[in-house]
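Worksheet for the structure shown next.
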Amino acid sequence: MKAVELEKAYNPKDFEDRIYQYWRDGGYFKPKSGNEKPFVIVMPPPNVTGILHMGHALNNQLQDTLIRYYRMNGRPTLWVPGTDHAGIATQNVVERQLAKKGLHRQTIGREAFIEETWKVKEHHHDIIVRQLEKIGCSCDWDRERFTMDEGLSRAVRESFVRLYEKGLIYRGNYLVNYCTHCGTALADDEVDYQLVEGRLYQVAYPFKDGSGEITVATTRPETMFGDVAVAVNPLDERYTALIGKELILPLTNKAIPIIADSYVDMEFGTGMVKITPAHDPNDWEVGKRHDLPTPNILNPDGTLNEEVPVAYRHMDVLTARKAVIADLTANGFLKGSSRHDHDVGHCYRCHTMIEPYVSEQWFVSMRSMADKALQAWKDEHISFYAKRWENTYSHWLENIRDWCISRQLWWGHRIPVWYCKDCGHMMVLRDDPTACTKCSSSNIEQESDVLDTWFSSWLWPFSTLGWPDDTEDLKTFFPTSTLVTGYDIIFFWVSRMIMAALEFLGEVPFKDIYITGLVRDKQGRKMSKSLGNGIDPLDVVDSYGADAMKFTLCYMAAQGQDILVDLESFKLGSRFANKIWNATRFLLMNLEGRNLVTVKQEDYSVFDRWMYHQANQAAAKVTAAIESYRFNDAAQAVYDLFWNDFCDWYVEAVKYMLNRSEDNEKDRIISVTLDLLAYQMKLLHPFLSFITEEIYQKLPNTEGSVIQASYPVWEHSLDSPNDLNKVSLLQDVVKSIRTVRAEMHIAPEKRIRVVLRPDRDFQEASFFFQQKDLIAYFIGASELVIDVSHESEVAKTLPVAGHGFESFVFVRQAIDVEREIEKLQTELHKNIQSLESVRKKLSNEQFLSNAKPEAIEKEHSKKSEFEEKIEKGQRHLKLLQAL
RNA sequence: GGGGGGUUAGCUCAGUGGGAGAGCUCCUGCCUUACAAGCAGGCUGUCGUGGGUUCAAAUCCCUCACCCCCCA
């Protein structure tokens, strides 16, 4: 057989794109048919106009790891990709583009605007797909969906109509969060609260009857034109007598009453609060309780409207605030002000300050659905990883509020409601009507608002599979298995999907929910555009390859923990991939002139059995880790196996043995080694997909592709603790001598003489004989004596204690006796202390009667171990003192 | 105000009841022809504080301190 040549350096660019194309062309991402339980993930759809950031990379790579693992495990495996139309965000993107051309959506009209948006969507969509391909996602592109495609739009309509018919959707005038920049209402959870520096103003409101004045405290004096009352706490004795009296609003002639409401905090400000129901959520509640009017003082663009005195009309809120303060001051109403920082809501898309704003909106009544979702959790139909997120989930559902689903946007699913302009009839329909269903007039008009984007995303786990039709995909792949997402959308998305699935299909949409950490920079800060501390996943792929990124992220993905990285962090994965590449390169070089043979297990060497044992153990660890979503443990297990066991010991031993063996033995060695290599390529594939495929296909002992190979599982026949013991012993011998060499500064090329003396009763003494030459090779010995009879002359050597053996190194250089004695004494002291604590435990009645038998057994073996070490230490000390 | 998380080696973090770990950094020596993206060896810890439970606590419970997040 000819040697297989690998490029000298690992260069992922040489093969990653090619391999991805190979997988796609081969249809490897499609679910195989079979009776096993399918493993299904729906990808959280990225915003179609966004760009993938490290969070997406982490998220999708963990999904890919799961998918590849279960695919190799033989389950029909489906990963559904797709994108989200992201109403507000996308509309903002398109509006910005129009603005550059001096255009505004109002000037080009709704239809043209939507047409333009589709074009932008197509363009961005292709970028996103390329990014997902670049990082190696093995999702089924033939099943890719978009939240606004035909099928999903039908699902949205169906769900809207069903909820409406059930009485769970209603329309009405309510106080909502309104973004004056985006020009739309937002749901409660779409508002981000940020601490804003502000002032608390003390404003005097005179009594109508001229009997003096009271003082209210407010952070928003400009909303005073919307005041309809001043409230005090009914328990506040200072003001009890004032309840019911009337006040005059400064700068206007409006009279408002003093009312009592327990909402008022007596400690805050003056204990008197102005009530502005149309512009404050708490005041809205107070207003409802007291049946107060709700004058709206704002236009949709955030300027003051006709409700306020002429002087302030058309001013924006902040300008009006300044003007009002100036006028209050000038007229003596302002009694003072103080620094007051408070949380102010901001739009989660454009970060504009939110205005609480009364308007007509559509809502979903959530209580009944939330209760079902809570019950599903209590019944353990869903599990969160890490578990603590279940608190977040249940707390939100317990305190759920109705969901405002109408948005004053153009890009999105238009609400399927039509109004007859002739008879006023309102129609909620699955299909577009041509005439009024009541009076047959064709003079009808569709509701102009669109639906919240989440109103389509919450259907994602089943709308992507064909719902509302009863498709084969839906029957086969729903409910899905696992959802992988970030904690920031547990409210927006996760809990709503669970509610929707329970509502429309009567089942939870997935069993497990893995919540990823946030990817942060090395200082622990969120990655953001404004800080400029973000890392582009494509830069990582460009610098180190997709495998390096994927492996590093898995390695760092400890459950429930955020991940702190910079570009350099990905060297971890890159170095590992390089190591794999080079180890393979070395082994393939050694194929020259070899014949591959089938080696029976009984022909394995102790090293072969040891290596299979370790690989077998690693397979068990990976299985357990992946199935409990402990990605870091899984990654560490394969890393340690390949690097610390395979490269550092097994391949090093192979090197030596290849050199001194006959052809038949060489064939045997290389055959077993390649088998172990192929085994590890399979084990590594979910973590380093490209390089393992590239190598697997180059190996002469494999067929097909690793992506569809069977994943290694723990097998009893490979379990070999005896060989683990033996090789560990050999490693102990080698390491202890290497330490001496390093500490004594013995030059690497310098051969040494060593006497290796097994303890008299030591079971594995014969193993030293068998491996004598290999040990000598590993420690650079010219002469290694296995001194079973304890008769070798060891005076003037450096003694080294081991567990079950001791070694004596002939050092030509002068031994620094003082230093060696000191080291031994320190060691001896430690061992004596350890022995003392073990003895204490073993003489403790409580310990002996309470501790587990294994724990007691352990202490006994520790005792003899320390005794052995102490005995050897004392003897070695004497030897050294005699020098 | 309510809830959650964190505090372990210089840095970033694993480790959930029985002898303190990894990666990176650092130090020493090596270009031993698979890999210097490497090899061999080494240093470093009152496991935040104080208490409790236990034969036994980094690990379970409580207190406090500091940091981070979410909700209101």
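This is a predicted model, so every value here is computed, not measured. Residue numbers begin at 1 in each chain, while the letters A, B, ... track the order of the sequences.
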Inter-nucleotide [atom1] distance ([N], [M]), Å rounded:
| N | M | atom1 | result |
| --- | --- | --- | --- |
| G4(B) | C64(B) | P | 15 Å |
| A57(B) | G48(B) | C1' | 16 Å |
| C39(B) | C47(B) | P | 33 Å |
| C30(B) | C69(B) | C1' | 48 Å |
| U44(B) | G1(B) | C1' | 44 Å |
| U28(B) | G5(B) | C1' | 41 Å |

Choosing from [options], which nucleotide comes nearest the side chain of [X]?
| X | options | result |
| --- | --- | --- |
| W643(A) | C39(B), A22(B), G4(B) | C39(B) |
| R575(A) | G18(B), A40(B), C24(B) | C24(B) |
| A583(A) | A34(B), C71(B), A40(B) | A34(B) |
| P748(A) | A22(B), C30(B), G5(B) | C30(B) |
| K579(A) | G38(B), U16(B), A37(B) | G38(B) |
| R401(A) | C35(B), G41(B), A72(B) | A72(B) |
| L572(A) | C55(B), G23(B), G4(B) | G23(B) |
| H395(A) | C39(B), G18(B), C71(B) | C71(B) |
| R738(A) | C35(B), A40(B), G38(B) | A40(B) |
| E652(A) | G18(B), A34(B), A37(B) | A34(B) |

Base paired to [N] (Watson-Crick or G-U; both N/O distances under 3.5 angstrom):
| N | value |
| --- | --- |
| C66(B) | G6(B) |
| G1(B) | C71(B) |
| C39(B) | G29(B) |
| G17(B) | none |

Under 4.0 angstrom, heavy atoms only, what part of the nucleic acid is [X] near: base, sugar-phosphate, or nothing?
| X | value |
| --- | --- |
| K735(A) | sugar-phosphate |
| Q636(A) | sugar-phosphate |
| M589(A) | sugar-phosphate |
| A558(A) | sugar-phosphate |

Between [N] ([atom2]) and [X] ([atom1]): distance, integer Å:
| X | N | atom1 | atom2 | result |
| --- | --- | --- | --- | --- |
| L518(A) | G6(B) | CG | P | 16 Å |
| E7(A) | C35(B) | CD | P | 14 Å |
| L6(A) | A34(B) | CG | C1' | 10 Å |
| N850(A) | A56(B) | CG | C1' | 10 Å |
| F778(A) | A40(B) | CZ | C1' | 12 Å |
| N391(A) | G5(B) | CG | P | 7 Å |
| N590(A) | A34(B) | CG | P | 8 Å |
| H745(A) | C27(B) | NE2 | P | 15 Å |

Nearest-nucleotide comparison on RNA chain B, the residue closer to the 5′ end among I563(A) and Y10(A): I563(A)

RNA chain B: 5'-proximal contact among A742(A) and L587(A) (nearest heavy atom): L587(A)

E355(A) and H279(A): side chain donor to acceptor below 3.5 Å: no

Side-chain N,O (W649(A)) to OP1/OP2 (A40(B)) below 4.0 Å: no

Phosphate-side-chain proximity, T739(A) and G42(B), N/O vs OP1/OP2 below 4.0 Å: yes

Axial cation check for Y777(A) ring with K655(A), 6.0 Å and 45° limits: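 K655(A) over Y777(A) ring: no.
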
Stretch residues 828-840 of chain A: residues that reach within less than 4.0 Å of RNA chain B through a heavy atom: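 By residue number: none to list.
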
Main-chain N/O of V519(A) paired to D562(A) side chain as donor or acceptor, under 3.5 Å: no

Note: E854(A)-K858(A) ion pair, threshold 4.0 Å (strictly below):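 Answer for the salt bridge query: no.
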
The single option from Y656(A), F607(A), F778(A) passing ring pair (Phe, Tyr, Trp, His ring centres under 6.0 Å) against W649(A):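 Of Y656(A), F607(A), F778(A), ring pair (Phe, Tyr, Trp, His ring centres under 6.0 Å) with W649(A) is met by F778(A) alone.
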
Among Y385(A), F631(A), F384(A), ring pair (Phe, Tyr, Trp, His ring centres under 6.0 Å) partner for Y514(A): F631(A)

Matching residue for E859(A) among K852(A), R839(A), K841(A) - test: salt bridge (charged side-chain N to carboxylate O under 4.0 Å, His left out):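 Testing each of K852(A), R839(A), K841(A) against E859(A), the sole residue satisfying salt bridge (charged side-chain N to carboxylate O under 4.0 Å, His left out) is K841(A).
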
Polar pair under 3.5 Å, donor/acceptor by atom type, side chain K841(A), base A56(B):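 Check fails, no donor-acceptor contact within cut-off.
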
base_contact_polar (A40(B) base, E743(A) side chain, donor-acceptor, <3.5 Å): no

Mutual orientation of the aromatic rings belonging to W493(A) and W454(A) [parallel < 30°, tilted 30-60°, perpendicular > 60°]: tilted

Gap between atom OG of S543(A) and atom CE of M549(A) - 0.5 Å precision: 10.5 Å

Between F15(A) and W581(A), ring centroids under 6.0 Å: yes

